[in-house]
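Everything on this sheet refers to the single structure shown next.
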Amino acid sequence: MIRFLVKGLLRDRSRLLFPIIIVTIGVLLTVFLHAWIGSLMSDIIRSSAAFSTGHVRILTKAYAENEDQIPNDLALLDVSEQLQRLQRAFPEMNWACRIRFGGLLDIADESGETQAQGPTFGMAVDLLADNRAAEMGRLNIATAVVRGHLPTRSGEILISDEFASRLGIEPGDQATFLGSTMHGSMTMGNFTIAGTLRFGVPPMDKAALIMDVADAQMLLDMHDAAGEILGYFPHAIYDHSRAAAIAAAFNEPYSHSQDEFDPVMLTLKQQNGLGDYIDMAEGFAGILVTVFIIAMSIVLWNAGLLGGLRRYGEIGVRLAIGEYKGHIYRSMIAESMVIGLVGSIIGTAVGSALVYYIQVHGIDFSSMFENSGLMMNMQVRTRVTAQTFYLGFIPGLFATVLGTMLAGIGIYRRKTAQLFKEFEG
Amino acid sequence: MNPREIVKIQNMSKQFPMAGAFFTALADIDLSFRAGEFTGIVGPSGSGKTTLLNIIGSLDVPSRGSAIVLEHSISDLSHKRAAQLRNRHLGFIFQTYNLFPVYTVYENVEFPLLLLKMPAAARKQAVQEAIAWVGLSDKTDSKPPQLSGGECQRVAIARAMVKRPELVLADEPTANLDAKNSHNILQTMEALNREIGTTFIFATHDDKVINYLRRKITLNDGRVVKDEIASGTAGKKAKS
């Protein structure tokens, strides 16, 4: 009998293929949308990580306490050695030095007199060294260039386009930076404007300056020093439990020290109130995904229901021939379980593959924002999580089977004669 | 000696709820059918033929009175016992054949025997025999959509007959067939009735069927208005 029913199931497209396709699509959408919503909600987290907090950030304890003042006199020392140690201890992470600083940018006329001048906010990143590609990609600098080109040699800087216009300078012009070293003395340096950027963030668009980290170390007298070392997980995806574990392992040797120049590692969630934001974002993402899963469950529940109702006539004939109601009911549920399970497995597999592909390669929306010059990360990346593998089964398996179970109740409620009349109708 | 009584209906009525009231489909029916009969319940549409057939077939229950089929009171049967009765003792032939379209002729005919859990070898023999009775041995692997209406109805007859039931209930079996196919079908059923002794009860208003009947019960507005011995001339002509 089971073989007979399986044979019928395999031959009847409307009973097997189409329902499986519907369940597969439903599950695929659930899996993908869950990952997509999660990725959009975490976009601010990604941007924040890229520009300021990293997934983990190392700075001295004293720097951490006065961070708002950007106290480079409290910067990390011997960062080359520190970077090597970090690379050995946590090889899955990408580590990068950053220096933030402030000062004046002065533009001189032909006689050397000040033609224009303005306060600037500087950020030093690896623009020329080995880690160049990772840092440029992370900050999306290449796509944010409005005029000129990226720095190709020492002594070249990038400034915001609005700042450049205000100062009346063009790529190729010279500019002098005036500021203070990490030891508090005055410093000056001449630089060539390689290009201008549009960040899309008003405070930065007003007066930002991007410089290679080696140039900044020279300028600010920070030999082998950096304000901070940022660590990033692969594919720019923040994993809090892993970050917390890495931070705990890193901080453990310094936990009882009172030296304010000892380094301390902070996770993304421990910075700038991001912990609360992440909790809220996860809450909203959870609500959205739950609403979608309920909607998809209703769709698949209906598909199961209609599939069952459509077969009332056939059920009537089977009853007329002498099959028990209970047997028919159980066979319908078994059938819907097979359909739900196969559809859920295929949908989850295809959905997970798609999510993984976008996790690795990302979808680049930068061409859609060519003129905006936003320095936000335009690469949307989804993320495969444990939920990716089971979430689709809620609508795929449970809702489909539930729909069939409810449809099957009609077998008991309706008179047998009525059921096979529907077949003839 | 009279053949045994296989269906006994006494003072039976059937009502259906309709728009807050009740519609009486059958009223005060008293009928008896004996083994080996080739009987028709005739009458215009809405006269209660199918309802009566459904009650005899344990697909429905009387509202009042009693219907005893093969010593089972239809009113008292549980779903499971009614299914057992249908499975073991009754065969159904429907106007629209009601074959399973994705199964072959062989598999359609085999289905009732699977429910009976008959061993494979005996099942195979019974199915081949039933298909041979209706002359479709060369179509065992065909599926219903590949068959003509007459062939489909012959498959339905084979499916009803394969378990050799004591009673076959046929509801308008020729309604969708042309004259030639109708006669072929009726001759097949008449031959099975004669050779195997299966009782046939038809619900019909088709003259072609009526000509084959040996007993004709006429219903009108849910009541038996005539119960008469018929000539069954068409069947006799076919035999001669």
Side-chain angles (χ1 to χ4, degrees), chain A residues 1-20 307-336 338-339 408-425, chain B residues 14 16 25 50-61 77-104 106-118 120 123 143 156 159-160 162-163 165 169 171-172 175-176:
Chain A
M1 189 67 190
I2 292 169
R3 223 175 72 184
F4 183 87
L5 293 172
V6 169
K7 220 184 275 181
L9 188 62
L10 292 175
R11 288 179 193 165
D12 192 347
R13 279 186 183 183
S14 63
R15 264 167 72 190
L16 184 72
L17 185 64
F18 298 140
I20 283 180
L309 293 176
R310 194 179 60 80
R311 295 178 61 199
Y312 270 13
E314 175 208 326
I315 290 162
V317 174
R318 284 166 65 178
L319 287 171
I321 291 172
E323 197 170 351
Y324 301 141
K325 288 184 172 182
H327 187 264
I328 294 176
Y329 190 56
R330 284 193 297 276
S331 75
M332 279 176 74
I333 291 170
E335 226 173 77
S336 71
V338 169
I339 288 164
I409 290 171
I411 298 173
Y412 289 98
R413 286 207 173 154
R414 294 192 180 204
K415 294 243 161 56
T416 305
Q418 185 60 30
L419 284 167
F420 81 80
K421 256 185 210 164
E422 288 173 40
F423 190 92
E424 295 186 319
Chain B
K14 177 69 185 176
F16 294 105
T50 299
T51 304
L52 181 55
L53 219 59
N54 285 345
I55 292 172
I56 295 170
S58 74
L59 297 171
D60 213 340
V61 289
L77 287 178
S78 63
H79 284 309
K80 202 165 185 177
R81 298 277 297 156
Q84 276 174 354
L85 173 69
R86 291 193 295 272
N87 188 11
R88 290 175 190 164
H89 304 290
L90 306 182
F92 289 88
I93 298 168
F94 306 99
Q95 176 181 337
T96 49
Y97 329 131
N98 291 357
L99 301 176
F100 302 127
V102 294
Y103 292 104
T104 63
Y106 184 95
E107 288 159 350
N108 265 282
V109 176
E110 187 187 27
F111 182 68
L113 303 183
L114 290 170
L115 294 177
L116 284 171
K117 296 187 168 68
M118 188 183 272
R123 202 166 66 223
K143 288 179 185 159
R159 183 175 67 182
V162 68
K163 59 191 174 190
L169 302 165
D171 191 3
E172 304 281 9
N176 289 342

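Letters A, B, ... mirror the listed sequences (proteins, then strands); counts begin at 1.
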Minimal heavy-atom distance between A:E323 and B:A83, with the atoms involved, is O-CB, 4.0 Å

Part of B:K143 within contact of chain A (heavy atom distance under 4.5 Å) = side chain

If every non-hydrogen atom of B:F92 is compared with every non-hydrogen atom of A:A320, which pair is closest and at what distance?
-> CE1-O, 3.1 Å

Say whether, by atom type as modelled, one donor and one acceptor occur between the side chain of B:Y103 and the main chain of A:K7 under 3.5 angstrom.
-> no

Residue, of B:R88, B:E110, B:R159, B:K117, that accumulates the most heavy atom pairs under 4.5 Å with chain A = B:R159

Kindly determine whether B:F100 and A:V317 satisfy side chain to side chain contact (heavy atoms under 4.5 Å, CB included), including the steps that lead there.
-> CA-CA 9 Å; B:F100 302 127; A:V317 174; 4.1 Å; yes

Between atom CG of B:L114 and atom CD1 of A:I321, what is the distance when rounded to the nearest 0.5 Å?
-> 10.5 Å

